[in-house]
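As the structure is a prediction and not an experimental result, all values here were calculated from the model. Just so we're on the same page: letters track the sequence lines, and every chain starts at 1.
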Amino acid sequence: MQPRPLAAVAAAAGATAPLPPSWAHRIRSAASQGHHFHAIALFLQMRASTPAPPRSSVPASLPAALKCCTVLGLRALGASLHALALRSGAFADCFTANALLNLYCKLPPPSSSPSPEMHGAAGQSESTAFHSARKVFDEMPKKDAVSWNTLLLWCAENGRHQEALGLIREMWGDGCKPDSFTLSSVLPIFAERADVRRGMEAHGFATRNGFADDVFVGSGLINMYANCTRTDYSVRVFDNLPGRDAILWNSMLAGCAQNGSAEEALGIFRRMLRSGIRPMPVTFSSLIPVCGNLASLHLGKQLHAYVIFGGLDGNVFITSSLIDMYCKCGDVSTARHIFDRIQSPDIVSWTVMIMGHALHGPAREALVLFDRMELGNVKPNDITFLAVLTACSHAGLVDKGWKYFNSMSDHYGIVPSLEHHATLADILGRAGKLEEAYNFISEMPIKPTASVWSTLLRACKVHKNTVLAEEVAKRIFELEPRSMGSHVILSNAYSSSGRWNEAAHLRKSMRKKGMKKEPACSWIEVKNKRHVFVAHDKSHPWYERIIGALNVFSEQMARQGYVPNTEDVFQDIEEEQKSHVLCGHSEKLAMVFGIISTPPGTTIRVMKNLRVCVDCHSVTKFISKIVGREIVMRDANRFHHFKDGNCSCGDFW
DNA sequence: TTAGGGTTAG
């Protein structure tokens, strides 16, 4: 049986017909349904209507009207409603005053400064905004938790952290207890400052006061702990929440992804799917970078397929993360294919593509893209310049490097950071301009770190200037006495100039200090499985087959003129033994395994944790020609694309 | 009837 309409029930009971909805009711319901313009129109109609509606209509509809002004950005109308609130006495009502306070927080006054380029204009307008909001707040006859929370959120979101924390104390003093809203505004402050101690205090307060189950507090805690690199606590908060909405899943996923906890992030993604939560665009833009960091092309491709099926391939965040992922997995041509299909790339898409070409070579293509970007009126930022300088470094373009470096402050108003200085020092060092690099680092306006000096140390080793290497190493050891990499480079520099005793002495002192070199390893994905190799690793089931194939290649290479390059064997042993050492290098094992376990023509992608050695580089060039395959090798510094006996790095790395 | 949470490049 159909339920009878309420009016019919009322009529049957002998009641009068219900009154038509009041003005205030109509305005509020239009506003709550998102019909903001309609709500405003109704409010204005109400004000003009005759006979005048009851006096109570104004305070009953002002909050909704003010909310609509805030959403629609109608600041002038908001100001006249402010006057009406004062005239009508509605300002005494907390709901109206809070709605007005929110309007002033969300819609700062237009900047009084005539030129937006004027220094400090942004700060001035921010300060004016604060004062107009604060004035409304101070004049409120009555304040409730919403009033405090509204102003506090504004302070928290506008970098006025101390004021925000001060407001909590004031709020307590005023007899208003912080609530879940207060917590969700203040937690991002502790997150940004990575202040886990105060974050934990807030967590304790939330638990004691029954706010810990609130999803907003929950996501605040998850993000705070993740920003403090305590994803273990984030997971605990997440698992203890009684109900988890889609945003909480995404918060947890992003927290793991940003901390480099790849397996955990993938685990959260799988749990999310099993729980029936539909992935959202943000799910993919968080997760795709994980595949890039793992250099796992098969995983990245699976997510890409998911993105296409979900119709999300037009999302700029996802597209940029896909381009970056393909670059990091060694497939720059797919990255470029995606990039070329974007109608109007944003600064992030341009930057990841420029960096992709810088690291894969030919590096000049990166500079071509930079010019195209400028023609398209997209303004480069500090990260774009890092990419461009990296391209100059890999292409050995000293003059261009200087040009871009100087143009940052001259034409773009970007102050070069430590990283920009480090990259320019690298450009100079790689090009063999060692003295110039030394002077540049010594005179840079930011105190150079050990890592800036170590780029020069490496250059000294490559260009065989042991005297300067010793001087540079001294600087590094002052800053970082236990710098493993620098000890190794200096020791290798001694070895390559035949100073075996000094090399041995240095190695001995490293052993005495308990320093151990990171072992070299390489890996390759074959049939969606990762195979990891360390030097002379006999544990792989295909080891004998790999060595057999390597011997066959060696004979073919010898006929084509290959001579082992023992330059990078830093042990005082016979040449024949050195060749044996070279044969067992992990990247050779991984590459040969790839060749014999995949169909002819398949591109081989090898990843290595350290830089590729001179001999492996030369062998890979020969093998790429012998087997007619493209071999991509990612080392600690860049990507090498070997094809037909050549490498995209132009033998400069 | 007012206020709040997740994403891409080094």
Identify which nucleotide among [options] has an atom closest to any side-chain atom of [X], counting heavy atoms from C-beta outward.
{"X": "A/Q258", "options": "B/dG5, B/dG4, B/dT7", "result": "B/dT7"}
{"X": "A/F216", "options": "B/dG10, B/dG5, B/dT8", "result": "B/dG5"}
{"X": "A/D214", "options": "B/dG6, B/dT8, B/dG4", "result": "B/dG4"}
{"X": "A/N223", "options": "B/dG5, B/dA3, B/dT2", "result": "B/dG5"}
{"X": "A/L386", "options": "B/dG10, B/dA9, B/dG5", "result": "B/dG10"}
{"X": "A/P289", "options": "B/dG5, B/dA9, B/dG10", "result": "B/dA9"}
{"X": "A/M355", "options": "B/dG10, B/dG5, B/dG4", "result": "B/dG10"}
{"X": "A/F181", "options": "B/dA3, B/dT7, B/dG5", "result": "B/dA3"}
{"X": "A/V146", "options": "B/dA3, B/dG10, B/dG4", "result": "B/dA3"}

Would you classify [X] as touching base, sugar-phosphate or nothing, given that sugar-phosphate means primed atoms plus P, OP1 and OP2, and contacts are heavy atoms under 4.0 Å?
{"X": "A/V217", "result": "nothing"}
{"X": "A/V352", "result": "sugar-phosphate"}
{"X": "A/S320", "result": "base"}
{"X": "A/S286", "result": "sugar-phosphate"}
{"X": "A/N149", "result": "base"}
{"X": "A/M252", "result": "nothing"}
{"X": "A/S180", "result": "base"}
{"X": "A/I354", "result": "nothing"}
{"X": "A/D93", "result": "nothing"}
{"X": "A/L153", "result": "sugar-phosphate"}

Spacing between [X] atom [atom1] and [N] atom [atom2], to the nearest angstrom:
{"X": "A/E157", "N": "B/dG6", "atom1": "CD", "atom2": "C1'", "answer": "14 Å"}
{"X": "A/N98", "N": "B/dA3", "atom1": "CG", "atom2": "P", "answer": "9 Å"}
{"X": "A/I168", "N": "B/dA3", "atom1": "CD1", "atom2": "P", "answer": "20 Å"}
{"X": "A/L187", "N": "B/dA3", "atom1": "CG", "atom2": "P", "answer": "20 Å"}
{"X": "A/D213", "N": "B/dG5", "atom1": "CG", "atom2": "C1'", "answer": "16 Å"}
{"X": "A/N315", "N": "B/dT7", "atom1": "CG", "atom2": "C1'", "answer": "8 Å"}
{"X": "A/L183", "N": "B/dG4", "atom1": "CG", "atom2": "P", "answer": "16 Å"}
{"X": "A/D346", "N": "B/dT7", "atom1": "CG", "atom2": "P", "answer": "17 Å"}

Look at [X] and [N] and indicate whether a side-chain polar atom (N or O) is within less than 4.0 Å of OP1 or OP2.
{"X": "A/K106", "N": "B/dG4", "answer": "yes"}
{"X": "A/K328", "N": "B/dG10", "answer": "yes"}
{"X": "A/N102", "N": "B/dA3", "answer": "yes"}

Item to check | Stacking of A/F317 on B/dT7 base (centres under 5.5 Å, planes under 30°) | outcome: yes
Taking atom types as modelled, is there a side-chain donor on [X] or [Y] under 3.5 Å from an acceptor on the other?
{"X": "A/T231", "Y": "A/N259", "result": "no"}
{"X": "A/H203", "Y": "A/Y225", "result": "yes"}
{"X": "A/S285", "Y": "A/S321", "result": "no"}
{"X": "A/H420", "Y": "A/T423", "result": "no"}

Checklist entry - Do the ring planes of A/H421 and A/F440 sit parallel (below 30°), tilted (30 to 60°) or perpendicular (above 60°)? => result parallel
Next on the checklist: Can you tell me whether the side chain of A/D245 and the base of B/dG5 have a donor-acceptor pair closer than 3.5 Å?
Outcome noted: yes
Checklist entry - Is the base of B/dT8 touched by the side chain of A/S321 through a donor-acceptor pair closer than 3.5 angstrom? => result no
Next on the checklist: Could you tell me if A/R26 sits above the aromatic ring of A/W23, with its cationic atom closer than 6.0 Å to the ring centre and no more than 45 degrees from the axis?
Outcome noted: yes
Checklist entry - Got more than 12 heavy atoms from elsewhere within 6.0 Å of NE2, A/H161? => result yes
